[in-house]
Amino acid sequence: MDFIFQGFQAPLPLWIYILVLVGTLFISWWSYSNVKKIGTLYYYSLIVLRSSVFFILLLLLINPFIKSENTYFDPANILVLLDNTESTKIDKRNYKGLESYKRLLKELSFNEENNVNFQFYKVGNQTRPTDIDSLTFDEDQTNLTAGLETIRSNQNEANAALFISDGIYTKGKNPIYETENIDIPVFTIGLGDTTFQKDVLVSSVSTNSKGYLNSTHKLVASINTKGYEGNAIPVELKKGNQVLSKKVITPEIRNSSQEVSFDLLLEEEGLQQYEIHVSPLPEEWTSANNTHHFTVDVQDAKQQMLSIAFEVHPDVRFVRSLLLKDENADLVNRTWLKGNDFVEGDFSEVSDSLDLVIIHGYPQTGLPGNLKGRMKTIADEVPLIITATPQFNPQQFEQDIVDLPVSIAGPWNYRPISLIDETEAAEHPITELPAIPYDELPNLVGPIQNISTLSYARMLFSSQYQNKPTQNPVIVPHELGNKRQLFVAGYNWYRLQQDQNPETQAFAT
């Protein structure tokens, strides 16, 4: 432990303390001046002793500061992230692949630094703890974002980080956007050669991981190209050695990023593996990143849907015709006649394992109590789509079945209306529709009074009557816990499909 004098905290000027010290010395001498019976040694010893007492009191009076210091050594903790992917083994001009990489690790002499604690991580598809001797350099994807997330999560126990990579990321986001909230210095060592090289990279494939047998599966592949502007580049969707589909892209600029869409027909059940592949091109730096593998869990199961109509209307046929075209939908139709009678069969035979129920209209009278009870049970357990028809009675529906996400103040007074979009397309999945001028669509029929959206629900589409917005809802979804409901207050949607404009027909579908 070291003691270090820091100075004095003196409330008075220094010359006053010097004057006081001189005065105390004089008083000490004067107090013993009449003492003649002791020897000279004792005489002066007493004077010095009393003067010392006064001097110590004076020192305490002016508050001396003394600091104690303990010096100890705390070794630094360094996070070291090492690229473990196949691209680090590729020779590129002065960079000799794995030979250069291993020589770099040897020159860094991690094992010889006794005053530093190194924590090693290997970066590939994921980032995992490792040691240098366990690196395999054989992972097929580089997720640099995962490496930065590792630094961020461990930065409280580290002093700095060292990232060694060739900088080629083929998975995750662009790492440049993931550097926020990292409070420790991050040092990088780049592998490879910075000389521009032509290259094609299949950076990602976006698709649903689950699909259904004998259905069409949508997927989008992102292709990055460097130095192949104006060249036709074939992009293949493959399963094993079989080419399922092929499309051609032509980059217009030197560094290009393009998306390619494919429709994949799922013909085999189970976990199926596919790939997006670009054949090696002339002068391409490496073909190791020309392939991106992905899997789809193909299930032989369809969505169980019930369409129950309490009124015969063209909209009923329109909706059912669309669902029958969907290979993922197993549709059961029931059209009410009277009492417990339905055109297609007994309502009690409807399966309990429903995924969706579509209710077309609802009468004011005529439904027996057992049918109302069955409908109420379904409404409490299954997501609903309730669509209005000319004879739809909302008050009776709420009394018998379930509350609607709208407020009812009286008769709705149906009139010809046009749609108004109340939300941006990206804000709700329902509104992810083809872009179209709504005032050019055929008129629907909807309520223009005594209806409003409840505070807990959200209006996606409102109406316009005689070129004036009504603020009355036409389409209102509501979700609470595991209960989901969609109410469509207008009808005559079938007219959109009958329109001769292809864009209107696409919107209707």
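The shown structure was predicted, so the numbers you read here are calculated from the model rather than taken from an experiment.
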Can you name the nearest heavy-atom pair linking I451 to A489, along with the distance?
-> CD1-CB, 4.2 Å
Is the shortest heavy-atom distance from the side chain of V80 to the side chain of L108 under 4.5 Å?
-> no
Report yes or no: do T88 and D83 form a side-chain donor-acceptor pair below 3.5 Å?
-> no
Spacing of CD1 belonging to I385 relative to CD1 belonging to I359, to within rounding of 0.5 Å | 10.0 Å
Which is it for F318 and Y491 under the ring-ring contact (aromatic ring centres under 6.0 Å, His included) test, yes or no, and what are the steps along the way?
-> CA-CA 11 Å; F318 166 54; Y491 55 88; over 10 Å; no
Side chains of I151 and Y121 in contact at under 4.5 Å (non-hydrogen atoms) | no
Would you say R128 has more than 12 foreign heavy atoms packed within less than 6.0 Å of its CZ?
-> yes
R495 (side chain) donor-acceptor with L444 (main chain) under 3.5 angstrom = no
From the list V260, N231, V200, V278, side-chain contact (heavy atoms from CB on, under 4.5 Å) with I249 holds only for V260
Residues that Q505 engages under side chain to side chain contact (heavy atoms under 4.5 Å, CB included), provided they are two or more places apart | none
Partner of H217 under side-chain hydrogen bond (donor to acceptor under 3.5 Å, both in side chains), chosen from T207, N208, D263 = T207
Take atom NZ of K246 as the centre, draw a 6.0 Å sphere, and report whether it contains more than 12 heavy atoms from other residues, nucleotides or ligands.
-> no
Closest heavy-atom pair, L148 versus P175, reported as atoms and distance to 0.1 Å, is CD1-O, 3.2 Å
Side chains of S165 and V123: closer than 4.5 Å at any heavy-atom pair?
-> no
Are the side chain of S203 and the backbone of N224 linked by a donor-acceptor contact shorter than 3.5 Å?
-> no
Locate the shortest heavy-atom distance separating L354 from M305; write the atom from each residue and the value.
-> CD2-C, 4.3 Å
Value for CZ (F110) from CG (D131), rounded to nearest 0.5 Å, stands at 12.5 Å
Would you name the heavy atoms of F507 and P434 that are closest together and state the gap between them?
-> CD1-O, 3.9 Å
Distance col, row Y494:OH vs D499:CG, nearest 0.5 angstrom, shows 12.5 Å
Of T85, N84, N125, the residue whose pairing with T142 passes side-chain hydrogen bond (donor to acceptor under 3.5 Å, both in side chains) = T85
Test: K198 cationic atom under 6.0 Å from Y228 six-membered ring centre, within 45° of axis = yes
If we only count heavy atoms from C-beta on, is the L460 to E422 side-chain gap below 4.5 Å?
-> no
Please walk me through it: do L79 and T150 pass side chain to side chain contact (heavy atoms under 4.5 Å, CB included)?
-> CA-CA 9 Å; L79 306 176; T150 298; 5.8 Å; no
K106, NZ atom: more than 12 neighbouring heavy atoms under 6.0 Å = no
Check for a donor-acceptor pair, side chain of E440 on one end and backbone N or O of T504 on the other, with a separation under 3.5 Å.
-> no
How many angstroms lie between atom CG of L219 and atom CZ of F294, to the nearest 0.5 angstrom?
-> 4.5 Å
Results of side chain to side chain contact (heavy atoms under 4.5 Å, CB included) for E267 - residues two or more places apart only | L265
S307 and H360: side-chain donor and acceptor closer than 3.5 Å?
-> yes
Polar side-chain atom of R484 near backbone of P477 as donor-acceptor pair, under 3.5 Å = no
Does the side chain of H313 reach to within under 4.5 Å of the side chain of F392, using non-hydrogen atoms?
-> no
For the pair Q471 (side chain) and S462 (backbone), establish whether a donor and an acceptor sit closer than 3.5 Å, ignoring hydrogens and angles.
-> no
Using a strict 4.0 Å threshold on nitrogen-to-oxygen distance, state whether E229 and R254 make a salt bridge.
-> no
Is the backbone N or O of T335 less than 3.5 Å from a side-chain atom of E344, with the two atoms forming a donor-acceptor pair by type?
-> yes
N143 (side chain) donor-acceptor with G124 (main chain) under 3.5 angstrom = no
Is L306 close to F347 at the side-chain level, that is, under 4.5 Å between some pair of heavy atoms?
-> yes
According to the interplanar angle, ranging from 0 to 90°, do the rings of F461 and Y438 count as parallel (below 30°), tilted (30 to 60°) or perpendicular (above 60°)?
-> perpendicular
Geometric class of the Y456/H478 ring pair [parallel <30°, tilted 30-60°, perpendicular >60°] | tilted
Is any side-chain heavy atom of V402 closer than 4.5 Å to a side-chain heavy atom of F397?
-> yes
So CG of L82 and NZ of K122: to nearest 0.5 Å the spacing works out to 10.5 Å
So with a 6.0 Å cut-off around CG of D138, is the heavy-atom count from everything else above 12?
-> yes
So, the side chain of E503 versus the backbone of P437: is there a donor-acceptor pair under 3.5 Å, distance only?
-> no
Side-chain donor or acceptor of D355 paired with backbone N/O of Q303 under 3.5 Å = no
Does the side chain to side chain contact (heavy atoms under 4.5 Å, CB included) test come out yes or no for L213 and L266, once each step is laid out?
-> CA-CA 5 Å; L213 192 63; L266 302 178; 5.6 Å; no
Tell me, do W336 and L367 make a side-chain contact under 4.5 Å, heavy atoms counted?
-> yes
Spacing of L454 atom CG and M459 atom CE [to the nearest 0.5 Å] = 11.5 Å
Please assess Y101 against I164 for the test side chain to side chain contact (heavy atoms under 4.5 Å, CB included), listing each intermediate value before the final yes or no.
-> CA-CA 9 Å; Y101 195 176; I164 303 177; 4.0 Å; yes
With distance as the sole test, does Q272 use its side chain to make a donor-acceptor pair with the main-chain N or O of E269 at under 3.5 Å?
-> yes
How close do P469 and I420 get, heavy atom to heavy atom, and via which atoms?
-> CB-CD1, 3.9 Å
Verdict with supporting geometry, N290 and E284, side chain to side chain contact (heavy atoms under 4.5 Å, CB included) = CA-CA 10 Å; N290 286 29; E284 185 177 3; 2.7 Å; yes
What are the two closest non-hydrogen atoms of P185 and N159, and how far apart are they?
-> CD-O, 3.5 Å
Should we say atom NZ of K372 is surrounded by more than 12 heavy atoms from elsewhere, each under 6.0 Å from it?
-> yes
